[in-house]
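A quick write-up on the structure given underneath.
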Amino acid sequence: QVQLVESGGGLVQAGGSLRLSCAASGSRSFNTMGWYRQAPGKQREYVATITSGGSTKYADAVLGRFTISRDKTTVYLQMNSLKPAATSVYFCHAPLSGHDYWGQGIQVTVSS
């Protein structure tokens, strides 16, 4: 059974940094893995993705401040220069064999 488990969230002041991790289990063949986020009262939005080959893409809102990386079964999101607008629940995502797998989500709160 595929499971994605996030860690590393918390409370940080504006301008600070956090590093999120997402450990995947149940499969060794994840191609694309990524991060999405959902702020209170808003729809879930795309943050960043990385392929098994290391190709990365970012949402314009985080480009230059967030960095996605991975090893075989863990994907990371290094978040620098955080702004209060980044306050959201962050979700790990991995599509596999036509199914979308999601983590349970982890809270990131950026205080002003």
Side-chain angles (χ1 to χ4, degrees):
Q1 183 178 358
V2 174
Q3 284 190 316
L4 304 176
V5 179
E6 300 102 337
S7 61
L11 174 64
V12 64
Q13 288 188 332
S17 298
L18 280 175
R19 188 191 194 209
L20 303 182
S21 299
C22 170
S25 61
S27 174
R28 292 178 291 177
S29 59
F30 291 108
N31 182 12
T32 299
M33 298 183 73
W35 293 92
Y36 288 72
R37 65 186 182 185
Q38 187 167 16
K42 295 188 177 181
Q43 291 187 330
R44 192 171 298 187
E45 65 177 13
Y46 170 81
V47 176
T49 47
I50 184 168
T51 68
S52 57
S55 297
T56 59
K57 290 184 180 179
Y58 297 91
D60 288 345
V62 307
L63 191 62
R65 298 183 297 110
F66 289 15
T67 302
I68 190 169
S69 60
R70 66 180 290 177
D71 56 30
K72 197 168 186 179
T73 57
T74 303
V75 62
Y76 306 94
L77 187 68
Q78 178 67 44
M79 305 184 291
N80 298 329
S81 301
L82 281 162
K83 303 176 181 179
T87 295
S88 295
V89 177
Y90 284 72
F91 295 90
C92 180
H93 173 254
L96 181 67
S97 301
H99 186 83
D100 286 315
Y101 292 95
W102 295 92
Q104 80 283 0
I106 192 162
Q107 179 69 45
V108 171
T109 303
V110 184
S111 63
S112 58

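All values reported here derive from a predicted model rather than from experimental measurement.
- Distance OG1/T49 to NZ/K57: 6.5 Å, rounded to 0.5 Å.
- In the model, N31 has no side-chain atom that pairs as donor or acceptor with a side-chain atom of T51 under 3.5 Å.
- Using a 4.5 Å heavy-atom cutoff, the side chains of F91 and V47 are not in contact.
- Note: the hydrophobic cluster containing Y46 does not contain M79 (ILVMFWY, side chain heavy atoms under 4.5 Å, direct or indirect links).
- Of the possible donor and acceptor atoms, none in the side chain of T109 sits under 3.5 Å from a partner among the backbone N and O of T87.
- In this structure, OG1 on T32 lies 7.5 Å from CZ on R70, to the nearest 0.5 angstrom.
- Taking CE from M33 and OH from Y101, the interatomic distance works out to 12.5 Å, rounded to the nearest 0.5 Å.
- With D71 contributing its side chain and T73 its backbone, the two residues share a donor-acceptor pair below 3.5 Å.
- Note that the OH atom of Y76 and the CD1 atom of I50 stand 11.0 Å from one another [nearest 0.5 Å].
- Note on L77: it does not cluster hydrophobically with Y36, by side-chain heavy-atom contacts below 4.5 Å among ILVMFWY residues.
- Here the closest heavy-atom approach between residue S21 and residue T74 is recorded as CB-CG2, 4.5 Å.
- Smallest separation of non-hydrogen atoms from P84 and S112: CG-CB, 3.8 Å.
- A pairwise comparison of heavy atoms in L18 and G9 identifies CD1-C, 4.5 Å as the closest pair.
- Counting only heavy atoms from C-beta outward, the side chains of R37 and E45 approach each other to under 4.5 Å.
- Put simply, the side chain of C22 does not reach to within 4.5 Å of the side chain of Y90, judged on heavy atoms.
- Considering CD of Q104 and CG of L4, their distance stands at 9.0 Å, rounded to 0.5 Å.
- E6 places a side-chain N or O within 3.5 Å of a backbone atom of G105 that can act as its donor or acceptor partner.
- Distance CH2/W102 to CZ/R44: 5.0 Å, rounded to 0.5 Å.
- In this structure, V89 is not a member of the same hydrophobic cluster as V110, with clusters built from ILVMFWY side-chain heavy atoms closer than 4.5 Å.
- A donor-acceptor pair under 3.5 Å links the side-chain atoms of Y58 to the main chain of I68, judged by distance alone.
- Counting heavy atoms from C-beta outward, H93 and D100 have side chains that approach closer than 4.5 Å.
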